[in-house]
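Atoms within a ligand are numbered from 1 in the order they appear, just like the ligands themselves. All heavy atoms count here, side chains included; hydrogens, waters and symmetry mates do not.
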Amino acid sequence: MTASCGAEGRAEPLQLRVNGRAQALAVPREASLLQVLRNDLGLNGPKYGCGLGQCGACTVHIDGMAARACVIPAHGVAGRAITTLESLGTRGDWHPVQAAFEEAQAAQCGYCLNGMVMQVAALLAREPGASEARIRSELSGNLCRCGTHIEILDAAQRAARRLRTTQP
Ligand code: FES
């Protein structure tokens with residue numbers, strides 16, 4: 001049987017905590033977190049790229065740490081705090097990282113943007129003034145096929161500078 005998330009198998013009850021809200025679902029053990037977020041909960045910020053944990057397009061935060069939702073079983077993160085791009089900021093009230101990406105025009109097709117923003121946001125939450133070297137290292141596993149890396153790095157550094165001066 002194919003569940004609404006798209007995974008094969010018998011649906012089993014699952015409680016997730018996504019963007020601060022409790023979600024009661026029924027999905028197969030085989031379902032990835034990405035399938036559940038996109039197909040059951042309609043959260044399309046995280047993207048399906050490689051499906052192998054290698055491109056970063058599907059990045060979300062789990063308990064504040066960046067994680068690849070395509071290779072994480074949804075049942076494995078029951079009760080953990082899952083955050084998607086949808087709850088990072090809103091139009092008119094962007095998260096500092098989103099604001100910096102907009103200022104730096106750090107997008108071409110935009111497909112990698114979710115992963116870039118979520119990866120940088122998780123890093124700067126832990127290390128508000130992260131160095132360029134630290135940012136480069138953190139983004140080394142996030143792929144952009146358009147070649148917008150220079151603008152993405154610029155955006156991440158803008159956000160780091162801003163957070164460095166606003167945080168105690
Ligand atoms: Fe998850 Fe590529 S889609 S890492």
At atom 2 (Fe) of ligand 1, what is the angle formed between atom SG of C55 and atom SG of C50, rounded to the nearest 10°?
->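 Rounded to 10°, it measures 110°.
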For atom CZ of R126, decide whether the heavy atoms of other residues, nucleotides or ligands shown that lie under 6.0 angstrom number more than 12.
->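 Check passes, neighbour count above 12.
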Just wondering, more than 12 heavy atoms not from L52 lying within 6.0 Å of its CG?
->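 Result for CG/L52: enclosed.
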Atoms in ligand 1 with a heavy atom of [X] nearer than 4.0 Å:
| X | answer |
| --- | --- |
| Q54 | 4 (S) |
| G53 | 4 (S) |
| G49 | 3 (S) |
| R68 | 4 (S) |

Backbone or side-chain N/O/S of C58 under 2.8 Å of atom 1 (Fe) of ligand 1 =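 So C58 does bind atom 1 (Fe) of ligand 1 by this criterion.
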Could you confirm whether C70 has any N/O/S atom lying under 2.8 Å from atom 1 (Fe) of ligand 1?
->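 It does; at least one qualifying atom falls short of 2.8 Å.
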Taking [X] for its side chain and [Y] for its backbone only, find out whether a donor-acceptor pair lies under 3.5 Å.
| X | Y | value |
| --- | --- | --- |
| T148 | E151 | no |
| Q119 | N142 | no |
| E86 | N44 | yes |

Is there side-chain contact between H149 and L139, with heavy atoms separated by less than 4.5 Å?
->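 H149 does not reach L139 side chain to side chain.
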